[in-house]
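Working notes, beginning with the structure itself.
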Amino acid sequence: MESEPEAPVAVPIPTQRPDTAAPEGKPPTVAPTPPEKPAELEPEPPAAAPLPPEKPAEEKIPADPRSAEVPAEKMPESETACRERLKALGVEFEEHKAEHDAKIGCSIPYPIILKTLGKSISIGSGTELNCRMAEAAARFAADVVRPAVKAEFGADLKVINQASAYVCRPRHGGGKLSEHAFGNALDIASFTLSDGRTIGIGPAPPEKDGKFLNTVRKAACGPFKTVLGPGSDPDHALHFHFDLEPRRNGGTFCQ
């Protein structure tokens, strides 16, 4: 008996590949065009650096009217009278030729050189002052310094050792002329007593010396218009500075 032939194995039909073509009637999808790169802006020029503030104009110090003083043909009566008062106080002095420096402005029309401050009180050599300042120094020595020496030390005043009188210069640290430039200031470095003791002026004197120096310094404020000394500033650490600087309403400056 013949067997029936085996049926052939069915070959799988391949699946249809999807049609990638665009459907009929529709245009193909176009890839979006990337946005145009914006045009690069030219960099702005850097802002100009700010200019530094203008330096204020330095205030010009007005000329001192005393700088223009020169001697007259005849000495004024006020100068003659001042010299008579000095002689009455026992002050020894010499006349000196006029001081005048037009470039700097220093001037003393009728200067004198002190030899003593009266009543056997000597003063260092080269003490050139105007007469009014010389008289103020002589009266202060007789009325204040000599009595203070006797009260504190039981001795007499022999010498006032000056550190500076007339010097043609401006003030330290400023353009204004010093009172020394007009013979209107006296710097005192020390006092010598009849027993040989010297009382020096400095920042830390012995107690008894300090008491005497404080008495003199306080009493000077009034007879003199400016009083400076140790503690005022470094320039006056080792001496007293006394002057007759003209001040408004006759005021004083004492430190």
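When a residue number appears, it is its place in the shown sequence, counting from 1.
A 4.5 Å side-chain heavy-atom check between Phe182 and Tyr166 finds every atom pair outside the cut-off. Looking at heavy atoms from C-beta onward, Ile121 lies out of side-chain contact with Lys158 at the 4.5 angstrom threshold. Side-chain contact check for Cys168 versus Asp101: some heavy-atom pair is nearer than 4.5 Å. Between Cys254 and Phe224 there is no side-chain heavy-atom pair separated by less than 4.5 Å.
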Query - Test side-chain contact (heavy atoms from CB on, under 4.5 Å) applied to His96 and Ile112, step by step - result: CA-CA 5 Å; His96 194 269; Ile112 61 174; over 6 Å; no
Query raised in the report: Which is it for Arg146 and Asp156 under the salt bridge (charged side-chain N to carboxylate O under 4.0 Å, His left out) test, yes or no, and what are the steps along the way?
Result: CA-CA 7 Å; Arg146 174 171 257 161; Asp156 199 4; 2.9 Å; yes
Query raised in the report: Taking it one step at a time, do Glu84 and Leu86 satisfy side-chain contact (heavy atoms from CB on, under 4.5 Å)?
Result: CA-CA 5 Å; Glu84 292 301 320; Leu86 287 180; over 6 Å; no
Report task. Using the side-chain contact (heavy atoms from CB on, under 4.5 Å) rule, take Val149 and Leu193 through it: C-alpha gap first, then chi angles, then the decisive distance, then the call. Result -> CA-CA 8 Å; Val149 167; Leu193 313 187; 3.5 Å; yes
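In plain terms, the two heavy atoms of Pro230 and His239 that are nearest each other are CD-O, 3.9 Å. Minimum heavy-atom separation, Val144 to Ala219: CG1-CB, 3.5 Å. Across all their heavy atoms, Gly202 and Leu238 have their closest contact at CA-CD2, 4.2 Å. Considering every non-hydrogen atom in both Pro71 and Pro109, the closest pair reads CB-O, 3.7 Å. Across Pro111 and Ala98, no two heavy atoms sit closer than the pair CD-CA, 3.8 Å.
Exactly one of Glu92, Glu128, Glu94 qualifies for a salt bridge (Lys or Arg N to Asp or Glu O under 4.0 Å) with Lys115. That residue is Glu94. Residue Thr192 is tested with Ile160, Leu157, Asn161 for a side chain to side chain contact (heavy atoms under 4.5 Å, CB included); the sole match is Asn161. The side chain to side chain contact (heavy atoms under 4.5 Å, CB included) test with Phe242 is passed by exactly one of Ile188, Thr226, Asn184: Ile188.
At least one donor-acceptor pair closer than 3.5 Å links the side chain of Asn130 to the backbone N or O of Gly183. Distance alone, capped at 3.5 Å, is enough to place a donor-acceptor pair between the Arg247 side chain and the Lys225 backbone. Panel note: side chain Ser107, backbone Glu69; a donor-acceptor pair is recorded below 3.5 Å. Judged by distance alone, with hydrogens and angles left aside, the side-chain atoms of Asp209 form no donor-acceptor pair with the main-chain N or O of Pro205 at under 3.5 Å. At least one donor-acceptor pair closer than 3.5 Å links the side chain of Ser67 to the backbone N or O of Gly105.
Other residues, nucleotides and ligands place more than 12 heavy atoms under 6.0 Å from the NZ atom of Lys208.
Val159 and Phe240 fall into different hydrophobic clusters, where Ile, Leu, Val, Met, Phe, Trp and Tyr residues are linked whenever their side-chain heavy atoms come under 4.5 Å apart, directly or through other members. Under the 4.5 Å side-chain contact rule for hydrophobic residues, Ile113 and Leu117 do not share a cluster. In terms of hydrophobic clustering, with Ile, Leu, Val, Met, Phe, Trp and Tyr side chains grouped at heavy-atom distances under 4.5 Å, Leu129 and Leu177 are assigned to different clusters. At a threshold of 4.5 Å between side-chain heavy atoms, the hydrophobic network of Ile, Leu, Val, Met, Phe, Trp and Tyr places Leu244 and Leu89 in one connected group. Cluster annotation: Phe140 and Val227 are assigned to the same hydrophobic cluster (Ile/Leu/Val/Met/Phe/Trp/Tyr, side-chain heavy-atom contacts under 4.5 Å, transitive).
Glu95 and Arg83 are joined by a salt bridge, as a carboxylate oxygen and a charged side-chain nitrogen come within less than 4.0 angstrom of each other. Salt bridge status for Lys211 with Glu207: absent, with no side-chain N to carboxylate O gap under 4.0 Å. Note on Arg66 versus Glu179: salt bridge recorded, some NZ/NE/NH1/NH2 to OD/OE distance being below 4.0 Å.
Atom CD of residue Gln255 and atom CZ of residue Arg217 lie 8.5 Å apart, to the nearest 0.5 angstrom. Atom-to-atom distance recorded for Ile201:CD1 and Phe191:CZ is 4.5 Å, nearest 0.5 angstrom. Between the OG atom of Ser178 and the CD atom of Glu245 there is a distance of 9.0 Å, given to the nearest 0.5 Å. Arg85 contributes atom CZ, which lies 10.0 Å from atom CZ of Arg132 (distance to the nearest 0.5 angstrom). One distance of note links OG1 of Thr116 with CG of Leu114; it measures 7.5 Å at 0.5 Å rounding. Rounding to the nearest 0.5 Å gives a distance of 5.5 Å between CZ of Arg197 and CD1 of Ile199.
Residues Gln162 and Thr127 bring a donor and an acceptor atom of their side chains to less than 3.5 Å of each other. Side-chain polar atoms of His180 and Asp187 form a donor-acceptor pair below 3.5 angstrom.
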